[in-house]
Amino acid sequence: MRIATWNVNSIRARQDRVSALLERENLDVLAIQETKCRPEQFPYEPFTAAGYEVAVHGANQWNGVAIISRVGLEDVQRDFPAQPAYANPGKEPVVEPRALSATCGGVQVFSLYVPNGRELSHPHYRYKLSWLENLRKYASSLLEEDPQAQLALMGDWNIAPFDQDVWDMQVFAGATHVSKPERDAFFAFEAAGLTEVTRDLFDGYTFWDYKQLRFPRNEGMRIDFAYCSPALAQRIQTAEPLREERKGKGASDHVPVILEVAP
DNA sequence: ATGACTTGGACACCAAGA
């Protein structure tokens with residue numbers, strides 16, 4: 001089975017590329033982030049016509065996640081238990097559409113768009129940390145219920161866990177994505193018994209900013225990951241970032257990361 | 001070339017991204 005994650009930065013702007021990816025890479029399941037649309041705006045037809053089912057979670061032009069599968073799509077869950085809400089200045093707190101899970105081909109696949117954090121002193125940063133903590137607690141509870149669970153927590157984690165995951169640590173001094181609390185929150189998933197399965201299977205980045213020639217200069221970040229339960233981690237055979245997808249007109253700023261899962 | 005941001009809303013600027 002071939003499972004992938006990709007922050008597409010608008011599904012309406014990227015639908016052609018997503019459809020082409022599914023076919024070219026022979027994907028069974030694709031978890032996408034930053035769909036940036038309400039459910040009724042999602043372009044379902046090209047995917048259903050190609051034999052896929054689609055589960056979406058979206059509210060407006062911000063955030064939004066979806067799962068596209070041709071190996072079943074059961075037990076769809078929007079949000080996770082105790083998922084923190086975020087209050088924009090002067091507004092009521094809202095649980096944003098950043099998490100979606102479904103069982104596909106016997107694997108509980110999560111499509112996750114971890115909050116950005118914005119600045120270390122910003123309320124969004126505290127929101128990011130509590131969001132990660134509660135997600136980790138939920139993942140722990142799933143593993144506790146069933147140590148043999150097949151779990152894949154895939155998505156845009158918005159954290160560069162190691163210094164080599166950004167092109168220049170000096171550029172990120174005092175910035176989000178590299179701070180110790182964020183990295184601690186990331187590695188807490190390892191402590192909870194999950195394994196980030198892409199780390200040992202490739203080197204390099206998964207994101208390059210649109211600005212300042214970041215891609216041609218290969219000034220990127222590695223922030224897209226897949227945390228898997230023990231029973232699933234042992235089935236992962238390969239993990240590959242598709243750098244080709246960052247090229248040309250109409251590219252997302254992230255590239256897909258594809259996992260090959262043994263039967 | 002892999003090339004100097006991109007997206008979507010209500011808009012002709014702005015928020016947000018990382």
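This is a predicted model, so every value here is computed, not measured. In what follows, every chain begins at residue 1, and chains take the letters A, B, ... in the order their sequences are listed.
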- Message: Please report the distance separating the C1' of B:dA16 from the corresponding atom of B:dC11, rounded so that it comes out in whole Å.
- Response: 16 Å
- Query: Taking the C1' atom of each, how far is B:dA10 from B:dA15, in whole Å?
  - Reply: 12 Å
Less than 3.5 Å apart, which donor and acceptor atoms pair up between the side chains of residues 64-79 of chain A and the rest of the protein, not counting sequence neighbours?
unit_1, atom_1, unit_2, atom_2, d
A:Ser69, OG, A:Val71, N, 3.0
A:Ser69, OG, A:Gly72, O, 2.6
A:Arg70, NE, A:Leu27, O, 3.3
A:Arg70, NE, A:Asp28, OD1, 2.9
A:Arg70, NH2, A:Asn26, O, 3.4
A:Arg70, NH2, A:Asn26, OD1, 2.5
A:Arg70, NH2, A:Asp28, OD1, 3.2
A:Arg78, NE, A:Val56, O, 2.9
A:Arg78, NH2, A:Val56, O, 3.1
A:Asp79, OD1, A:His57, NE2, 2.8

- Query: Looking across every strand, which nucleic acid part, if any, lies under 4.0 Å from A:Asn63 by heavy atom: base, sugar-phosphate, or nothing?
  - Reply: nothing
- Note on the structure: Correct closest heavy-atom pair for A:Phe189 and A:Leu153 would be CE2-CD2, 3.9 Å
- Between B:dT7 and B:dA18, how far apart are the P atoms? Round to whole Å, please. 14 Å
- Query: Tell me: CG of A:Leu120 to P of B:dA18, nearest whole Å?
  - Reply: 16 Å
- Send over the distance from A:Tyr86 OH to B:dA16 C1', rounded to a whole Å. 11 Å
- Mind checking A:Asn7 for me? I need base, sugar-phosphate or nothing, with any heavy atom below 4.0 Å counting as a touch. sugar-phosphate
- Message: Counting the atoms with a prime plus P, OP1 and OP2 as sugar-phosphate, which does A:Glu34 contact under 4.0 Å by heavy atoms, base, sugar-phosphate, or nothing?
- Response: sugar-phosphate
- Item | Minimum heavy-atom distance A:Arg246-A:Asp209, with the two atoms named | NH2-O, 3.3 Å
- Query: Rounded to whole angstrom units, what separation is found between the CZ atom of A:Arg214 and the P atom of B:dG17?
  - Reply: 18 Å
- Task: Take atom NE2 of A:His124 and atom P of B:dA15, then tell me their distance rounded to the nearest Å.
- Result: 15 Å
- Please evaluate the base of B:dA18 for a donor-acceptor partner in the side chain of A:Asn116 within a cut-off of under 3.5 Å? yes
- Classify the nucleic acid contact of A:Tyr205 as base, sugar-phosphate or nothing, counting any heavy atom under 4.0 Å across all strands shown. nothing
- Item | Touch class at under 4.0 angstrom, heavy-atom based, for A:Phe172 against every strand present | nothing
- Query: Quick one: what's the B/S/- string for nucleotides 2-12 of chain B, heavy-atom cutoff under 4.0 Å, read 5' to 3'?
  - Reply: BBSBSSSS---
- Message: Could you check, using the six-membered ring where one of them is a Trp, whether A:Tyr113 and A:Trp131 have ring centers closer than 6.0 angstrom?
- Response: no
Tabulate below the donor-acceptor pairs under 3.5 Å that side-chain atoms of residues 179-187 of chain A make, not counting sequence neighbours, or state none.
unit_1, atom_1, unit_2, atom_2, d
A:Ser179, OG, A:Tyr125, OH, 2.7
A:Ser179, OG, A:Glu182, N, 3.4
A:Ser179, OG, A:Glu182, OE1, 2.5
A:Lys180, NZ, A:Asp184, OD1, 3.4
A:Lys180, NZ, A:Asp184, OD2, 2.9
A:Glu182, OE1, A:His177, N, 2.9
A:Glu182, OE1, A:Ser179, N, 3.4
A:Glu182, OE2, A:Lys128, NZ, 2.6
A:Glu182, OE2, A:His177, N, 2.7
A:Arg183, NE, A:Ala160, O, 2.8
A:Arg183, NE, A:Pro161, O, 3.1
A:Arg183, NE, A:Val178, O, 3.4
A:Arg183, NH1, A:Asp163, OD1, 2.8
A:Arg183, NH2, A:Ala160, O, 3.2
A:Arg183, NH2, A:Phe162, O, 3.4
A:Arg183, NH2, A:Asp163, OD1, 3.1

- Ring-face cation contact, A:Phe42 with A:Arg12, 6.0 Å cut, 45° max: no
- Figure out the OH/C1' separation between A:Tyr127 and B:dG17, and round it to whole Å. 14 Å
- Item | P spacing across the pair B:dA12 / B:dG17, given as an integer number of angstrom | 23 Å
- Task: Send over the distance from A:Asp168 CG to B:dA18 C1', rounded to a whole Å.
- Result: 15 Å
- Donor-acceptor under 3.5 Å (A:Asn9 side chain, A:Asp253 main chain): no
- Message: If you compare every side-chain N and O of A:His254 against the phosphate oxygens of B:dA18 (OP1, OP2), does one of them come in below 4.0 Å?
- Response: yes
